[in-house]
Amino acid sequence: MENKLQIYNTISRKKEVFEPINPPFTGMYVCGPTVYGDAHLGHARPAITFDLIFRYLQHIGYKVRYVRNITDVGHLENDADEGEDKIAKKARLEQLEPMEVVQYFTDRYHANMDQLNVKMPSIEPKASGHIIEQIEMIKKILEKGFAYLSNGSVYFDVKKYNDNYQYGKLSGRVLDDLLSNTRILDGQDEKQNSFDFALWKKAQPEHIMRWPSPWSDGFPGWHAECSAMSAKYLGEHFDIHGGGMDLLFPHHESEIAQSQIANGNEPCKYWLHNNMITINGQKMGKSLGNFITLDEFFSGSHASLEKAYSPMTIRFFILQAHYRSTLDFSNEALQAAEKGLKRLMQGVETLQKLNSSATSSNDISKLSGNCYDAMNDDFNSPIVIANLFEGLRIINGVNDGKESITASDLEILKNLYNTFVFEILGLKNEVENTQFELVDGLMQMILNQRQLAKTNKDYAASDKIRDELIKLGIVVKDGKEGSSWSIE
RNA sequence: GGUAUCGUGGCCGAGUGGCUAGGCACCGGUCUGCAAAACCGGCUACAGCGGUUCGAAUCCGCUCGAUACCUCCA
């Protein structure tokens with residue numbers, strides 16, 4: 001099998017061997033959330049996808065600088081009144097300062113990401129903190145003649161750009177098609193062509209979030225922040241740019257155009273896009289109003305949810321699908337993920353207690369190789385998980401005395417599971433460790449009492465203990481060598 | 001309408017020319033005072049129709065269906 005990491009590059013539409021520009025250093029920029037509402041399941045997908053990529057790149061030895069932005073300015077409400085900043089609108093409704101809203105939802109986003117065991121990026125820049133950089137970039141584009149001023153706003157001249165470069169090379173679009181298919185919107189009359197996009201937008205009087213610029217008091221266009229901030233922290237040409245597939249056009253396409261003009265080259269070498277999470281076959285998204293927030297998943301407080309699902313269940317659910325496939329949400333699918341994860345975690349625990357013998361009845365290194373091959377093949381986490389389940393058969397077999405394993409193979413196996421389950425997939429055991437010993441001690445006492453009752457054939461008493469425990473959410477399992485327990 | 005992606009067993013999902021993942025559910029079995037859990041085993045699908053090939057879920061064509069984007073909708 002291929003030993004090198006291959007990643008699917010959206011711009012070439014094929015898998016390519018990953019070769020960083022300046023190894024072992026690797027720069028990765030991912031479009032982060034717009035903090036004007038609670039994070040929903042759709043937000044979890046890119047976060048977990050690029051967390052997986054971040055973790056794996058580090059694991060195989062790259063020194064990664066991972067930049068994920070916070071968008072806190074500049075986006076318009078599509079159903080809103082006139083050209084109003086999303087953040088500003090929410091702020092007025094709730095009588096809060098815009099930055100207070102930003103802070104509130106940023107904190108909540110961080111809390112959710114922490115629950116999902118998503119590592120913090122190396123740098124998390126905010127658009128509002130980089131207005132100067134964005135203005136400087138716009139100046140450069142104006143100087144080079146690829147933008148024009150119109151009524152205090154600055155627009156990128158897509159037609160001129162397309163005469164010299166290729167607008168649409170990332171998304172596969174042809175400018176002529178765009179021309180004939182663009183809808184009529186207000187504000188369009190400021191533009192020379194409907195497909196031109198704003199670099200700087202003059203603020204309306206009611207617009208609270210505004211900054212001074214050479215052209216007007218206003219705010220930067222949607223695409224400006226990512227170009228400006230990625231260039232600042234990763235350089236004008238870096239390795240990986242990621243984000244959701246819905247950002248392909250026009251966002252990323254426009255980033256390419258801006259960077260090409262401002263910096264003289266395309267921003268990055270590899271474009272990675274995660275697919276959407278669907279609900280009843282449809283994209284889960286803010287604008288469709290069919291989203292379920294992460295907090296609702298964790299608490300089960302949503303009409304579509306049959307029960308609460310833990311953060312690790314959500315994480316495992318997402319990792320069980322390849323990041324470039326759509327993933328369909330359903331209670332059944334989540335419950336399947338929940339049970340599968342539990343089985344996997346119990347297998348990991350069993351693994352720690354295994355005894356070795358003189359021979360191995362299984363090829364452990366092959367299993368290990370399979371896992372790395374899967375990750376090297378465009379981060380194929382579902383295949384990794386399938387192999388880990390395959391390994392479970394070995395683990396349980398050894399535990400049952402039906403299979404054998406040598407001490408060195410056992411070490412490899414333990415190492416493999418620790419590496420992949422916890423380090424790379426980023427899963428964690430959700431049982432609270434600090435309290436575990438105490439609870440376990442208490443449980444042993446209780447189980448001993450129950451065993452005593454059973455020995456005396458006082459089954460009424462032993463069943464009562466079991467039933468009481470079930471009410472507390474603790475399941476007793478009677479095995480060959482005594483009873484054990486687990487939290488449901 | 002344009003661009004792109006996709007259609008896999010009851011459900012979720014891998015897989016790109018032969019070796020026919022994995023999970024959940026289901027059915028058997030082991031264990032057990034009973035139950036549950038756990039473990040073991042079983043379950044052979046690839047939208048339809050043509051074509052290429054010794055051989056196709058995998059390549060090509062057509063048909064049907066779905067989704068995303070085409071708006072500063074992140």
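Distances shorter than 4.0 Å separate some side-chain N or O of A:Ser325 from OP1 or OP2 on B:A14.
When only modelled atom types and interatomic distance are considered, A:Glu390 and A:Asn370 share no side-chain donor-acceptor pair under 3.5 Å. In summary, the side chains of A:Asn331 and A:Tyr309 do present a donor paired with an acceptor at a separation below 3.5 Å, with no hydrogens or angles considered.
A straight line from CE of A:Met276 to P of B:A68 spans 10 Å, rounded to a whole angstrom. What separates CG of A:Leu327 from C1' of B:U5 is a distance of 16 Å, to the nearest Å. Regarding A:Glu338, its CD atom lies at a distance of 18 Å from the C1' atom of B:G22, rounded to whole Å. Here B:A35 presents its P atom at 22 Å from NZ of A:Lys464, a figure rounded to the nearest Å. Between A:Ile318 atom CD1 and B:A14 atom P there is a gap of 13 Å when expressed in whole angstrom units. For A:Asp246 and B:U3, the CG to C1' distance is 16 Å, given to the nearest whole Å. Remark: C1' of B:G22 and CD1 of A:Ile394 are 14 Å apart, rounded to the nearest angstrom. Between the CG atom of A:Asn275 and the P atom of B:C6 there is a distance of 9 Å, rounded to whole Å.
For the pair A:Arg324 and A:Tyr8, the cation-pi test (distance below 6.0 Å, angle within 45°) is passed.
Scanning atom types as modelled, no donor and acceptor separated by under 3.5 angstrom connect the side chain of A:Asp458 and the base of B:G33. Counting atom types as modelled, A:Arg173 pairs no side-chain N or O with a base atom of B:A4 as donor and acceptor under 3.5 Å.
No contact: A:Thr278 has no heavy atom under 4.0 Å from any strand. The residue A:Asn380 sits close only to the backbone: its heavy atoms come under 4.0 Å of sugar-phosphate atoms, none of a base. Residue contacts for A:Lys457: at a heavy-atom cut-off of 4.0 Å it reaches no nucleic acid atom on any strand shown. Residue A:Leu248 is out of contact with every strand shown, counting any heavy-atom pair closer than 4.0 Å. No engagement by A:Leu334 is indicated, since no non-hydrogen atom pair under 4.0 Å with the nucleic acid exists. No contact: A:Pro33 has no heavy atom under 4.0 Å from any strand. Across all strands shown, A:Asp328 has heavy atoms under 4.0 Å from sugar-phosphate atoms exclusively, and none from any base.
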Show your reasoning for whether side-chain hydrogen bond (donor to acceptor under 3.5 Å, both in side chains) applies to A:Thr71 and A:Asn69.
CA-CA 6 Å; A:Thr71 296; A:Asn69 67 298; 3.0 Å; yes

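Checked by atom type and distance alone, the side chain of A:Asn396 pairs as donor or acceptor with a backbone atom of A:Leu392 at under 3.5 Å. The main-chain N or O of A:Tyr372 is found under 3.5 Å from a side-chain atom of A:Asn376 such that the two form a donor-acceptor pair. No donor-acceptor distance shorter than 3.5 angstrom exists from the side chain of A:Asp51 to the backbone of A:Ala47, with no hydrogens or angles considered. Within the 3.5 Å criterion, the main-chain N or O of A:Ser404 finds a donor-acceptor partner in the side chain of A:Ser361.
A distance of about 14 Å separates the P atoms of B:G22 and B:G15, rounded to the whole Å. Here the separation of B:A14 from B:U20, taken at their C1' atoms, is 13 Å to the nearest Å. Rounded to the nearest Å, the gap between the P atom of B:C49 and that of B:G23 is 31 Å. Between B:U16 and B:U58, the distance separating the two C1' atoms is 4 Å to the nearest Å. Annotation: B:G48 and B:A57 have their C1' atoms spaced 14 Å apart (nearest Å). Here the separation of B:C60 from B:U5, taken at their P atoms, is 12 Å to the nearest Å. Nucleotides B:G10 and B:G65 have their P atoms positioned 23 Å apart, rounded to a whole Å. Nucleotides B:G51 and B:C12 place their C1' atoms 33 Å apart, quoted to the nearest Å.
Sorted by first and then second residue, the ring-ring contact (aromatic ring centres under 6.0 Å, His included) pairs with a member in residues 326-345 of chain A read A:Phe297-A:Phe329; sequence neighbours excluded.
Across B:C69, B:A14, B:A36, the shortest atom-to-atom separation from the side chain of A:Lys283 is found for B:C69. Nearest to the side-chain atoms of A:Arg466 among the listed nucleotides B:C34, B:A14, B:A68 stands B:C34. Among the nucleotides B:G33, B:A4, B:A14, the one closest to any side-chain atom of A:Arg13 is B:A4. Between B:A36, B:G33, B:C12, one nucleotide has an atom nearer to the side chain of A:Ser330 than all others, and that is B:C12.
Where A:Gly397 and A:Ser462 each meet RNA chain B at their nearest nucleotide, the meeting point lying more 5' is that of A:Ser462. Both A:Asn387 and A:Cys31 lie near RNA chain B, and the one whose nearest nucleotide falls closer to the 5' end is A:Asn387.
Taking CG from A:Leu416 and CD1 from A:Ile364, the interatomic distance works out to 8.5 Å, rounded to the nearest 0.5 Å.
Residues A:Phe50 and A:Tyr66 keep their aromatic ring centres 6.0 Å or farther apart.
Under a 4.0 Å N-O distance rule, the pair A:Asp463/A:Arg466 qualifies as a salt bridge.
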Base-pair string, RNA chain B, Watson-Crick plus G-U, cut-off 3.5 Å on both distances, | for inter-strand, is (((((((..(((.....[...))).(((((.......)))))....(((((..]....))))))))))))....

Under 3.5 Å, which protein N or O atoms sit close to an N or O of nucleotides 23-26 of chain B? Give each pair with its distance.
residue : atom : partner  : partner atom : Å
B:G23   : OP1  : A:Arg343 : NH2          : 3.1
B:G23   : OP1  : A:Arg393 : NH2          : 3.4
B:C24   : OP1  : A:Arg343 : NE           : 3.1
B:A25   : OP1  : A:Lys339 : NZ           : 2.9

